[in-house]
Amino acid sequence: SLPDRYDPAEIEVRWQQRWDAEPELYRAEPVHSGKPKYYVLEMLPYPSGQLHMGHVRNYAIGDALARYMWMQGYNVLHPMGWDAFGLPAENAALKNQTPPREWTLQNIAHMRRQMERLGLSYDWQTEIATCLPDYYRWTQWFFLRMLERGLAFRKQSKVNWCPLCATVLANEQVIDGCCWRHEDTVVEQRDLEQWFLRTTQYAQELLDGLDKLPDWPEKVRTMQRNWIGRSEGATIEFVLDPAAQESETAHDRGKLSLPPPADFVIGAPIAADATRIPIFTTRVDTIFGATSLQLAPQHPLVKQFAQADERLAAEVASLVEEQKKAREAGDPGAVDKHGSFTGHYAVNPFSGERVPIWVANYILLEYGTGAVMSVPAHDERDFEFAEKHGLEVRIVILPRRTLDPAASGQPDEPVLPYTEEDSLLINSGEYNGLGCQEAQHKLAAFAKEHGFGQPTITFRLKDWGVSRQRYWGAPIPVLYCPKDGIVPVPDDQLPVLLPEQIEITQQDGSPLSRVPGFVNATCPRCGGPARRETDTMDTFVDSSWYFYRYPDAHNPSAPFSREKIDYWFPIDQYIGGVEHAILHLIYSRFWTRVMRDLGLVGNDEPATRLFTQGMVIRNGAKMSKSKGNVVSPDDMIARYGADATRMYALFAAPPDRDLDWQEDGVAGVSRFLGRVYRLGMRYRESVRSHAEQPSAAPTSPLAQALLRKLHQTISKITQDFAGRWHFNTSIAAVMELVNEITAAESGLAEMPAEVSARLMGTIVPSLILLLAPFAPYLAAELWSETGGTGALLRRPWPSFDPDLAREEELEIPVQVNGKLRAVVRLLPDAGNEAMQRAALAEPRVQAAIAGKQVVKIVVVPNKLINIVVK
RNA sequence: GCGAAAGUGGCGGAAUUGGCAGACGCACCAGACUUAGGAUCUGGCGGGGAAACCCGUGGGGGUUCAAGUCCCCCCUUUCGCACCA
């Protein structure tokens, strides 16, 4: 008696035990295997304690791909690990008195079990956890290499501080002015001395590299381009004119420029004691239209002016406050632009004109030089500001056609602000008549030649602040010696171990600073007492290189061997959420280049292909505890099995789109798997008895139809893997195949037993193989029940036979004036005349054209016939 | 404000190149079988209409023998960027 009930819990647990006992099942072959390699990687999770549906979806995609690539004969590396440092472990320690390490390792153990229960094909032998000394030893080692090369450095600067995290954050971790972990918590600015990694050194290369990543989503590349924020322009030094302020009374306060000083000569050397005010502009071609300078409220010169001017000091303070508020509100662009005249003037080095110096709330100290020349006629922000304060608006560029002598009539005034670069200069001295671009080059070159400026490229990307005043992270491996200053920990003293016994409190400052046994150390240079660095590294440092460790996860003497990296890298397919488009994905691109320049790897980029899957949502919203719409993977697995859960995650939507989790849909997939199970079991003996026999031939119309459907399905799924990854349609295709087989069963029963057995002995094993990437448990069970041996993963993917897949007859739609009237069945390549004849013979077509004149008959071979009448 | 993606039955979605709109699944309806189940099997299922037939892919125009698909205008949603000088 055959079991007629599909019991995923029983099947899956039984197979899980078998797979647990075969750890080599998913192990990649050695570098010299001679097979083509395929490195498929899903982003490593933070061990929060529970997998969520987003993880399940991510891993279901990667696992299907890994299994498919094994079946295609590749040597596949498919590893998993844990991004295991981080603040939640400390919070958990505060809450329930569990040490962070213990809490983290427990979570890892639990989540690993969940992954195994899902049947994911990871090679656990290569597992890494970034919080273990074996791993962070090498994180520290890399830090020291960067320190040697000046890529890691310490500097005092304004940094982002999250009061909830009680630590500094990198710029990348601040989203709309708030902490990336605490979306409602506004980040404060603190002036601290911190460790940085010099990401800006690779800014240009990180930007250029994006053009060489055609298989990364355009969206991610755009986000990175925006983040790097390159802009090309010039730095020009205006010079403060100390004499000009006396004549200020003759004018409206700061609204007009003063004529050049009597002794002004363009390009004359600037006096050594002059105060230079560098500004950055991308539109130096409009410099003759500059009618003021605008300084950031925090600009050092503003501070200097304010010291002697109480009223100005008060105004500046309020501007600073407005900037802060706008940033907190998350909409800095919406703020009303305004400012104050400082009472001072600066000389425009190209015209000698003395322009009033203002301080304005829309100028950012962090960008460029914190000062701009204001050209109201040709910049939207400057225009808005000038309108507000009644500053002069002077047009210095005009559209080409306006100045074209061939154009008739009077030149139109352009609508201001006018910013088109395809324009010509006017009111600009000897530069009149030049195009904007040409003028930009000439002006910048002149400034450089005469020592008051140069062409300049600025980046929005800043160096990466990596110091964290937290316990649960990789210690920064340096010492502070009163005699020798900053001293790196020697390589042979790595790792700098995190102390295990530590009290976690909510006090400010690094918890490590309160551990004397950690802080007090010996200087390796002079042997005297030294203080250990007590900050730890940002966890994004740990995850910037983790995928290089997998191929050589247990190497005791190096982070990895070059030979293994050369074989496995770059990663062939990286899969994860789009939320890391800036953070992890830009840091790891930086890290790869650093390692390349250290001679450790040969590749420029970590991954050739990147796939960002959509979110899992429910009832139209992202799953979250506060919305109460969270679905637990454990629940789904308990009710429907891992196969059904994973397969639904692939079936409900294409993987790049958001997926609406509907439990009824999981039940539907589970029902389908039950149908497959019973189908396989019904033909178990047929398959067994035909294991060694040649494949069935299309000896009858029914056999032919089934074999045709089988091969069409093979083709469809193979194409989905190679192309768009629309696994929802792959699974739909398998469902169609199963439906067709089921519908054919009464016909099969009428065949001679030997013939139907051979037919099903051919079809069922292929069906199992097609299902294997999506439902590995059921596939393994059926494979084994039907007499198959060995790991399904290493069986070749079914081969496609186009002759068997070809349709014998085509259904050709017949339209009259574009409307469907009939369908005719014809042999392929029937010829236009035959197609027309068949179409016109249809009674419904006859009825539709009766009494009308046939104007034209459009015949698309093998596709369609359209009869045009009037 | 700028940029990108999307908008198709009651729902998730399919239609890779302009060529039968709605594959596959869910929900629902009807039936079969039953040791009555969250079971299985069969059939139906965009709207209107008795039917012929008509209408239908966010809205409006256009190109074409033929438009979900191409072009123009508009609306909505999501995402990214947003004083970056």
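Please read these numbers as outputs of a predicted model, since none were measured by experiment. Reminder, nothing fancy here: chain letters follow the sequence lines and each chain counts from 1.
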Remember a base hit wins even if backbone is also touched, and classify [X] as base, sugar-phosphate or nothing at under 4.0 Å, heavy atoms.
X	result
E384(A)	nothing
S231(A)	sugar-phosphate
I363(A)	base
R821(A)	sugar-phosphate
D658(A)	sugar-phosphate
Q815(A)	base
V858(A)	base

Take atom [atom1] of [X] and atom [atom2] of [N], then tell me their distance rounded to the nearest Å.
X	N	atom1	atom2	result
L650(A)	A14(B)	CG	P	14 Å
L864(A)	U64(B)	CG	P	18 Å
R221(A)	C79(B)	CZ	C1'	17 Å
D635(A)	G38(B)	CG	P	18 Å
M223(A)	A5(B)	CE	C1'	13 Å
F459(A)	A85(B)	CZ	C1'	16 Å
R460(A)	G80(B)	CZ	C1'	11 Å
E172(A)	C81(B)	CD	P	12 Å

5' priority, RNA chain B, between Y640(A) and A371(A) [closest heavy atom]: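 It is Y640(A) whose nearest nucleotide is closer to the 5' end.
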Which residue lies more 5' along RNA chain B, comparing T458(A) with K863(A) via nearest heavy atoms: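 Upstream on the strand: K863(A).
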Counting side-chain heavy atoms from CB outward, which of [options] is closest to [X]?
X	options	result
H726(A)	A14(B), G13(B), C53(B)	A14(B)
R639(A)	G38(B), A85(B), C20(B)	G38(B)
N226(A)	G80(B), U16(B), G12(B)	G80(B)
V860(A)	U16(B), C54(B), G19(B)	G19(B)
R5(A)	U40(B), A39(B), C65(B)	A39(B)

Considering only heavy atoms from C-beta outward, does the side chain of [X] approach that of [Y] to under 4.5 Å?
X	Y	answer
M373(A)	Q294(A)	no
W661(A)	I617(A)	no
Q815(A)	R821(A)	no
Q662(A)	R618(A)	no
P861(A)	D829(A)	no
F721(A)	P773(A)	yes
I812(A)	M835(A)	yes

Say we look at [N] and [M]: how far apart would their [atom1] atoms be, to the nearest angstrom?
N	M	atom1	answer
C33(B)	A51(B)	C1'	36 Å
A5(B)	C20(B)	C1'	29 Å
C73(B)	A66(B)	C1'	24 Å
C75(B)	G61(B)	C1'	15 Å
A14(B)	C2(B)	C1'	34 Å
A52(B)	C45(B)	C1'	22 Å
A82(B)	G46(B)	P	48 Å
C26(B)	G19(B)	C1'	30 Å

F350(A) and F452(A) aromatic ring geometry - parallel, tilted or perpendicular at 30°/60° bounds: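 Geometry flag for F350(A) against F452(A): perpendicular rings.
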W725(A) and F611(A) aromatic ring geometry - parallel, tilted or perpendicular at 30°/60° bounds: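 Rings of F611(A) and W725(A): tilted, 30 to 60°.
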Sequence-aligned protein contact record of nucleotides 22-28 of chain B, with B where the base is within under 4.0 Å of a protein heavy atom and S where only the sugar-phosphate is: -BBSSS-
Does a side-chain N or O from [X] land closer than 4.0 Å to OP1 or OP2 of [N], or not?
X	N	value
R678(A)	A39(B)	no
R657(A)	A14(B)	yes
K219(A)	G80(B)	no
R724(A)	A15(B)	yes

Range-with-range stems for RNA chain B, at least three Watson-Crick or G-U pairs under 3.5 Å: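 Stems found: B:1-7 with B:75-81, B:10-12 with B:24-26, B:28-32 with B:40-44, B:46-48 with B:53-55, B:58-62 with B:70-74.
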Pi-cation contact, W216(A) with R609(A) (under 6.0 Å, within 45°):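 No, R609(A) does not sit over the ring of W216(A).
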Centroid-centroid distance, F385(A) to Y362(A), less than 6.0 Å: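 Yes.
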Criterion side-chain hydrogen bond (donor to acceptor under 3.5 Å, both in side chains) on T222(A) and Q224(A), from CA distance to verdict: CA-CA 5 Å; T222(A) 303; Q224(A) 293 209 358; over 6 Å; no
Anti/syn call for G9(B), syn if |chi| within 90°: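 It is syn.
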Check: C83(B) base within 3.5 Å donor-acceptor of K337(A) side chain: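 Result: at least one qualifying N/O pair found.
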Flag for E232(A)-Q440(A): side-chain donor and acceptor within less than 3.5 Å: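 Result is no, nothing qualifies.
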